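To keep things clear, I will list the structure first and then write my remarks on it.
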Amino acid sequence: MDLSQLRACTSTRRLRSIHAILISSGRIRDVFFPTTLVSLYSRLGDLRSAALSFAHTPNKNIFSFNSIIATYIHHGLPFDAGRCFRSLLLAGPRVRPDEFTFPVALKASLDLSYGKAMHSLVRKLGLGWNVFVSSSLMHMYSRFGAVRDAEKVFVEMPERDSGAWNAMVSGFCQNGMAADAVRVFSAMVAEGVRVDRVTFASVLPVCAPLDDLLLGLAIHVFAIKQGLDVELFVSNALIDMYAKMGCIEGAQQKFDDMLDRDLVSWNSIISAYEQAGKPHTALELHSEMQKSGVQPDVLTLVSLASAVAQQGNVLSGRSVHAYITRRGWDTDDIIAGNAIVDMYAKLGVVELAQRMFDKMPVRDVITWNTLLTGYSQNGLADEAIDVYETMEQSEGIRPIQGTLVSVLPAYSHLGALQKGMRIHAQAMQIGLHSDVYVGTCLIDMYAKCGRLNEAVALFEKEIPRASSGPWNAIIAGYGIHGHGKQALRIFSQMEQEMVKPDNVTFVSLLSACSHAGLVDGGQRCFHVMQTKYGIRPVVKHYACMVDLLGRAGDLDAAYGLIRTMPIEPDSAVWGALLGACRVHGNVELGALASEFLFEIDPENVGYYVLLSNMYAKTGDWDGVNDVRSLAKRRHLQKTPGWSSIEVNNKVNVFFTGNQSHPQYENICKEAVILLAKMKSLGYVPDYSFVLQDVEEDEKEHILSNHSERLAITFGLMNTAPKTSIKIFKNLRVCGDCHNATKFISRITEREITVRDSNRFHHFRDGICSCGDYW
DNA sequence: GTAGGGTTAG
């Protein structure tokens, strides 16, 4: 019985019988045999026999320990490997870890301090000279984010082979230092170090973060020259590189060229199509993959979850979820769990997202972000904020960029300035306040919470402005505050600074122009967008244009644009026309727009209200009743209007005609006094905003019970004289209330700001900043 | 008798 006989053994059964012979012949007492058996059992996947063989090894030497440690590592059991390593340390002075032990044993380190202890042991034993040991140390450091320590090991190595260089490249890459990774790679090539497949697999992933397709192509060519592009790992990395650079053809080409593909190849190409917005192809490739006999893993399913989310198919979503659950991945794998939360959130079924979230045994910051974003993007700002505040209470979870980017819009939406400012402070603490994405959200938040000056200051001094995001935010900010000319000025500055506008820029610009009545400016933008920047208008741009033309009174042009637009108008377009008809009293065209709206978006009560409003204004009570009964037949209820005001850090919410506020009686008394003063200055109630066919007295009462009026009166009573008052209204401010507020600002010498669902109105000394144009 | 550095993801 010698080594070659043992090596030839390819079945567990045969190996066991040899094992038995070795025991009966007594040769098992030679440490060589049981140690070899450990490796052989391990290779055949028989972990139990390997462990037994190790346990029964007499006079274990370093080979015995190295074999069993490697066995556990290769079977994904770092904990057991660590246990064996510790018993090696306790085995006495005769057996000591050697240069073969550490490369494997280091994989068992669970945290940085454990790894550092291993490193000092390496130093004590004088094993740092070995390239395998040192590269493993580098790998360990990189794994725990201590890439600088890895670099130190690298620099101090007496000699470096390709493996060491590769470890340095991937160390930088895994820690997001793509530029350094490329630097090391170039140095490696320059110094004539042999590159191998691992080099290419390590360096290719840096191209995407650097957004450098040329680099990727150059590396690809270099790999071809080395004859390494056909290697499986390299091919897979190439597929991914092309996919991430948005070059789906390149990815597909590489995939087609491959002779044999593994799971990673399939996963990469599936994810490539999913991320290219082609979920259908992704799903097709998945079935092809199964036909070719490759079984999906967690990552396959993660891509599928995103694909079905994109398709908007809840049923497919549920079946993907069921598949993941059947495999037990939903609770075992945090990424799979997160993917399910994300999938349901994107499908708009936040309840299921929340249910998955609740079911997860472990959650990380991505889990929280995903749920938070889910609520935020489904318009549930309150819930999003709840999630954020609960997250803050949970131990070990610290917000990251994505967290702030998700929560800030929720505060913007609610106009919660104080809370938004708290996030600003947190961003400063974690050094994210001048991050472009966070900064853009901060600009948006300040603008939408009424602090345009702060928004401008951030834009001017704090936030990098090489990309369109911050520009779009500040343009939109000027827009909702009615400063259309400023918005246009910023846009020409943007052109001067050579920042490329995108379609969002033009949505912001057009709506800024429409709020300010800048018809010419808006039309110029609409033109420039197409001719100079080659941006084809989407339906949102048309909605802005219809709004712009319509509100300025050119209803014919607005309707003409709708009729000639090359894409199907949606509810926003017809809604803009209807709104303009309301302002300019064109009942006929308004009724026409409504017909489309009741068809396209039958659930939106706002349109029914607008139309009945128009009929009411002309005294056409039959028309009012028709619209109302239509809404009733469709079981629609008017969205309750509410206004809120923050006084002494407490938010007071008022509903129209709502009498539940503790100060309601006093507010009414105050309102009566105020109304008398207003009338003496010439205020005349505009009853056309009353939708009920009732007596005039009653109409006056209804108007002064509008939520914004209650909130303003409450504010006057509960804040110091001369201080300004800020009100938020969920719908558009009522025309009569708008007029009334002008009088109130004059009588009380107060500055009153009303943010409605559309824009800001700043009232001061009887004038509104919008110039009564909104 | 044994070893390191590698590709896909929420």
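Worth saying up front: this structure is predicted, and the values here are computed from it rather than measured. In what follows, every chain begins at residue 1, and chains take the letters A, B, ... in the order their sequences are listed. Both backbone and side-chain heavy atoms feed into the values below; hydrogens, waters and symmetry mates do not.
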Checklist entry - Does A:F54 have its ring centroid less than 6.0 Å away from the ring centroid of A:F65? => result yes
Considering only side-chain heavy atoms of [X], which listed nucleotide, [options], is closest?
X: A:D161; options: B:dG4, B:dG5, B:dA9; answer: B:dG4
X: A:A167; options: B:dG5, B:dT7, B:dG10; answer: B:dG5
X: A:F32; options: B:dG1, B:dG10, B:dT8; answer: B:dG1
X: A:E274; options: B:dG4, B:dG10, B:dT7; answer: B:dG10

What residues form a salt bridge (Lys or Arg N to Asp or Glu O under 4.0 Å) with [X], not counting sequence neighbours?
X: A:D330; value: A:K359
X: A:R143; value: none
X: A:E99; value: none

Separation of [X] atom [atom1] from [N] atom [atom2], in whole Å?
X: A:L232; N: B:dT7; atom1: CG; atom2: P; result: 13 Å
X: A:F85; N: B:dT2; atom1: CZ; atom2: P; result: 20 Å
X: A:W266; N: B:dT7; atom1: CH2; atom2: P; result: 22 Å
X: A:L22; N: B:dG1; atom1: CG; atom2: C1'; result: 14 Å
X: A:I269; N: B:dT8; atom1: CD1; atom2: P; result: 14 Å
X: A:H220; N: B:dT7; atom1: NE2; atom2: P; result: 18 Å
X: A:N61; N: B:dT2; atom1: CG; atom2: C1'; result: 10 Å
X: A:K244; N: B:dA9; atom1: NZ; atom2: C1'; result: 8 Å

For DNA chain B, what residues of [range] have any heavy atom nearer than 4.0 Å?
range: residues 292-313 of chain A; result: A:L299, A:V302
range: residues 97-110 of chain A; result: A:E99, A:F100, A:P103, A:V104, A:K107
range: residues 119-135 of chain A; result: A:N130, A:V131, A:F132, A:S135

If you compare every side-chain N and O of [X] against the phosphate oxygens of [N] (OP1, OP2), does one of them come in below 4.0 Å?
X: A:S268; N: B:dT7; result: no
X: A:Q174; N: B:dG6; result: yes
X: A:K60; N: B:dT2; result: no
X: A:H139; N: B:dG4; result: no

Next on the checklist: Suppose the criterion is ring pair (Phe, Tyr, Trp, His ring centres under 6.0 Å): which pairs have a residue in residues 230-264 of chain A, not counting sequence neighbours?
Outcome noted: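 Qualifying pairs, neighbours excluded: A:H220-A:Y242, A:F255-A:W266.
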Item to check | Selection residues 165-184 of chain A - residue pairs positive for ring pair (Phe, Tyr, Trp, His ring centres under 6.0 Å), sequence neighbours left out | outcome: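 Ring pair (Phe, Tyr, Trp, His ring centres under 6.0 Å) check on residues 165-184 of chain A returns A:F154-A:W165.
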Item to check | Side-chain ion pair, A:R83 and A:D80, N-O less than 4.0 Å | outcome: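 Here A:R83 pairs with A:D80 in a salt bridge, since their nearest N and O are under 4.0 Å apart.
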Next on the checklist: If you go through the side-chain atoms of A:D364, does one of them form a donor-acceptor pair with the base of B:dG10 closer than 3.5 Å?
Outcome noted: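 Present.
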Checklist entry - Are the side chain of A:S186 and the backbone of A:V182 linked by a donor-acceptor contact shorter than 3.5 Å? => result yes
Item to check | side chain to side chain contact (heavy atoms under 4.5 Å, CB included) partners of A:S316, counting only residues at least two apart | outcome: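 Expected list: A:V308, A:N313.
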Next on the checklist: Base, sugar-phosphate or nothing for A:T35? Non-hydrogen atoms, less than 4.0 Å.
Outcome noted: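 Result for A:T35 = base.
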Checklist entry - With a 4.0 Å cut-off on heavy atoms, is A:I334 in touch with a base, just the backbone sugar-phosphate, or nothing at all? => result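 Since a base atom lies under 4.0 Å of A:I334, the category is base.
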Checklist entry - Please, which pairs that meet salt bridge (Lys or Arg N to Asp or Glu O under 4.0 Å) have at least one residue in residues 46-74 of chain A, sequence neighbours excluded? => result A:R16-A:D46
Validation: residues 202-217 of chain A side-chain donor-acceptor distances under 3.5 Å, sequence neighbours left out:
from: A:S202; atom 1: OG; to: A:V198; atom 2: O; distance (Å): 2.6
from: A:D212; atom 1: OD1; to: A:L214; atom 2: N; distance (Å): 3.3
from: A:D212; atom 1: OD1; to: A:L215; atom 2: N; distance (Å): 3.0

Item to check | Stacked pair A:F63-B:dG1, distance under 5.5 Å, angle under 30° | outcome: yes
Next on the checklist: Which residues pass the ring-ring contact (aromatic ring centres under 6.0 Å, His included) test with A:H19, not counting sequence neighbours?
Outcome noted: A:Y41
Checklist entry - Between A:N236 and A:D262, is any side-chain donor less than 3.5 angstrom from a side-chain acceptor? => result yes
